[in-house]
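Quick note on labels: first sequence line is chain A, next is B, and so on, each numbered from 1.
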Protein chains: 2
Amino acid sequence: MNQNLANYIKSKRKAFSLNQKDLAEKAGVGLRFIRDLEQGKKTLRMDKVNQVLSLFGAELGVVDR
Amino acid sequence: MNQNLANYIKSKRKAFSLNQKDLAEKAGVGLRFIRDLEQGKKTLRMDKVNQVLSLFGAELGVVDR
DNA sequence: TGGATTTATACCCGAACGGGAATAAACTAA
DNA sequence: TTAGTTTATTCCCGTTCGGGTATAAATCCA
């Protein structure tokens with residue numbers, strides 16, 4: 001799923017024609033975080049991830065594996 | 001959604017007749033973490049949350065808001 | 001090909017997560 | 001009630017996340 005999360009963010013970002021820096025600013029997180037996120041880092045903090053997802057009308061939730 | 005995550009864990013835990021201590025041990029996380037989780041703390045680390053969810057065949061994923 | 005833009009990697013460091021333990025509170029049963 | 005179990009609150013403290021920055025690598029066009 002982490003690959004999915006990373007890909008979701010990456011594709012959404014590109015769909016909005018944003019670069020990582022712009023996305024970081026819009027989401028209110030650091031550039032480093034966007035990079036960790038798009039590279040599938042697994043130890044991210046949920047609240048920060050949700051800050052980014054909310055820009056795209058999404059959030060973290062429980063899904064079946 | 002955080003309330004949902006908290007409630008999901010809590011109801012699953014009870015469905016398996018586990019107390020927080022047992023769940024913590026089975027998931028390989030600290031008791032403090034289970035408590036933070038069930039009380040809806042938003043700044044949890046994704047990997048730790050997934051450690052717990054995997055016991056119930058679930059995981060964190062992107063969902064619509 | 002070369003220059004500009006974008007992305008990736010590496011470092012420092014403050015802030016806070018999470019483990020563990022102690023204590024208190026809440027709940028249940030006898 | 002009282003004892004026993006479970007859950008909640010609070011502390012110390014090591015580990016690491018995430019911001020910021022600098023540098024390198026990759027990508028994109030003209």
Judged by nearest nucleotide, the residue sitting upstream toward the 5' end of DNA chain D, Lys10(B) or Gly28(A), is Lys10(B)
Report the C-alpha distance between Lys41(B) and Asp36(B) in whole Å, list the side-chain angles of each, state the deciding distance to 0.1 Å, and finish with yes or no for salt bridge (Lys or Arg N to Asp or Glu O under 4.0 Å).
-> CA-CA 5 Å; Lys41(B) 186 174 180 181; Asp36(B) 288 343; 3.6 Å; yes
Could you work out which one of [options] sits closest to the side chain of [X]?
X: Asn19(B); options: dG19(C), dT7(C), dT6(D); result: dT6(D)
X: Phe33(B); options: dT7(C), dG19(C), dA8(D); result: dG19(C)
X: Gln20(B); options: dT7(D), dC17(D), dT9(C); result: dT7(D)

Measure the distance from [atom1] on [X] to [atom2] on [N] and round it to the nearest whole Å.
X: Met46(A); N: dC17(D); atom1: CE; atom2: P; value: 16 Å
X: Leu44(A); N: dG18(C); atom1: CG; atom2: P; value: 12 Å
X: Glu38(A); N: dT27(D); atom1: CD; atom2: C1'; value: 15 Å
X: Asp36(A); N: dT9(C); atom1: CG; atom2: C1'; value: 11 Å
X: Gln51(B); N: dC17(C); atom1: CD; atom2: C1'; value: 14 Å
X: Leu31(A); N: dG18(D); atom1: CG; atom2: C1'; value: 11 Å
X: Asp22(A); N: dT7(C); atom1: CG; atom2: C1'; value: 13 Å
X: Asn50(A); N: dG18(D); atom1: CG; atom2: C1'; value: 16 Å

Select base, sugar-phosphate, or nothing to describe what [X] touches, counting heavy atoms under 4.0 Å on all strands.
X: Arg32(A); result: base
X: Arg35(A); result: base
X: Lys48(A); result: sugar-phosphate

If you compare all heavy atoms of [X] against all heavy atoms of [Y], which two are closest, and at what distance to 0.1 Å?
X: Val49(A); Y: Phe33(A); answer: N-CZ, 3.6 Å
X: Ala6(B); Y: Glu38(B); answer: CB-O, 3.4 Å
X: Arg65(A); Y: Glu59(B); answer: CD-OE1, 3.8 Å

Please determine whether a side-chain nitrogen or oxygen atom of [X] lies at a distance below 4.0 Å from atom OP1 or OP2 of [N].
X: Lys21(A); N: dT6(C); result: no
X: Arg13(B); N: dT7(D); result: yes
X: Gln39(A); N: dT7(C); result: no

Angle class for the Phe16(A)/Phe56(A) ring planes (parallel below 30°, perpendicular above 60°, tilted otherwise)? tilted
